[in-house]
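What follows is a single structure, written as structure tokens, with notes after it.
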Amino acid sequence: MRSGGCGQAGEGEPPRLPDTGDLRADLTLVLRATATELNNPQLAEPMRALATEIAHDETLAAAYHERLDAPLREAKRQRLRSAQAAGELAADLDLEVAIDLIWGPVLNRWLQRSGPLDDAHLDALIGTALNGLRP
């Protein structure tokens, strides 16, 4: 249940997200890689089982957060911070909310099996996240 995709790190190194200077392209690459991982039948059921156990076991949830979720969130935070510095995102953007806004719907759709996790959906998600909800 990594839901990070494209974590470019060597053994023992913290994950990193691509930073080509084009946030939309980087998010597209990462979310598509995430969807590929989540849609893989060999991984999907064990990852759903892990998600269920995390929801019921505080000790497992803490270990998951420490070892997997926190390092991935930091990689996401760093990539979004880089986009802020480049002027691609508002300087006052709450990065924690942005992470939840971008990655949360992917995990939610996958966990609840509420629709396809395909390129069209991911592109719409990225567009909405980057363009906001304004008319």
Side-chain angles (χ1 to χ4, degrees):
M1 209 180 74
R2 295 182 337 199
S3 72
C6 287
Q8 302 170 342
E11 189 68 32
E13 293 179 30
R16 292 178 296 145
L17 298 187
D19 189 348
T20 65
D22 181 342
L23 181 60
R24 183 180 298 267
D26 293 345
L27 288 175
T28 298
L29 178 68
V30 169
L31 291 184
R32 286 181 179 180
T34 299
T36 297
E37 186 175 274
L38 294 173
N39 287 326
N40 180 334
Q42 292 179 323
L43 299 175
E45 292 314 310
M47 290 178 3
R48 280 193 177 92
L50 176 60
T52 300
E53 290 303 315
I54 287 170
H56 290 92
D57 184 330
E58 289 182 35
T59 303
L60 180 59
Y64 174 80
H65 175 74
E66 178 185 331
R67 294 181 185 152
L68 296 171
D69 188 50
L72 280 172
R73 276 191 83 85
E74 179 57 27
K76 294 168 186 176
R77 194 177 302 110
Q78 287 177 6
R79 179 58 189 98
L80 295 181
R81 195 174 293 125
S82 173
Q84 277 182 313
E88 289 186 283
L89 295 174
D92 63 347
L93 178 67
D94 183 324
L95 297 181
E96 296 306 313
V97 171
I99 290 167
D100 290 342
L101 180 67
I102 295 166
W103 279 272
V106 173
L107 184 57
N108 184 66
R109 182 173 268 233
W110 174 75
L111 278 173
Q112 295 185 6
R113 303 174 195 240
S114 59
L117 202 51
D118 57 18
D119 290 352
H121 177 73
L122 296 172
D123 292 346
L125 173 63
I126 292 165
T128 301
L130 294 181
N131 296 325
L133 300 173
R134 62 183 100 88

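- Between the Arg109 side chain and the Pro116 main chain, a donor and an acceptor come within less than 3.5 Å of each other.
- Side-chain contact check for Leu130 versus Leu23: some heavy-atom pair is nearer than 4.5 Å.
- For the atom pair Glu37 CD and Asn40 CG, the distance stands at 8.0 Å (nearest 0.5 Å).
- A heavy-atom distance below 4.5 Å is not found between the side chains of Arg73 and Leu95.
- With rounding to the nearest 0.5 Å, the separation of CZ in Arg79 from NZ in Lys76 is 14.0 Å.
- Nearest heavy-atom pair across His65 and Pro71 is O-CD, 3.9 Å.
- Rounding to the nearest 0.5 Å gives a distance of 10.0 Å between CD of Glu88 and CG of Leu80.
- Here Thr34 contributes atom OG1 and Asn39 contributes atom CG; the two are 10.5 Å apart, rounded to the nearest 0.5 Å.
- One distance of note links CG of Leu107 with CG of Leu111; it measures 4.5 Å at 0.5 Å rounding.
- When all heavy atoms of Glu45 and Arg113 are compared, the pair lying nearest together is OE2-NH2, 3.0 Å.
- Contact between Leu125 and Leu101 at its shortest, heavy atoms only, is CD1-O, 4.0 Å.
- Contact detail for Leu117 and Trp110: the closest heavy-atom pair is CD2-CB, 3.9 Å.
- Counting heavy atoms from C-beta on, the side chains of Leu122 and Leu27 never come closer than 4.5 Å.
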**Asked** Given Leu60 and Leu50, is the side chain to side chain contact (heavy atoms under 4.5 Å, CB included) satisfied, shown in steps?
**Response** CA-CA 9 Å; Leu60 180 59; Leu50 176 60; 4.0 Å; yes
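- Minimum interatomic distance between Asp26 and Asp19 (heavy atoms only, all atoms of both residues): OD2-CA, 3.3 Å.
- In this structure, CZ in Arg24 is found 7.5 Å from CD1 in Ile126, a value given to the nearest 0.5 Å.
- At least one donor-acceptor pair closer than 3.5 Å links the side chain of Gln84 to the backbone N or O of Ala91.
- For the residue pair Pro18 and Val30, the shortest heavy atom distance occurs at CD-CG2, 3.5 Å.
- The closest side-chain heavy-atom distance from Asp123 to Arg32 is below 4.5 Å.
- Remark: side-chain polar atoms of Asn108 are not paired, donor with acceptor, to backbone N or O of Gly104 under 3.5 angstrom.
- No donor-acceptor pair closer than 3.5 Å links the side chain of Asp57 to the backbone N or O of Glu53.
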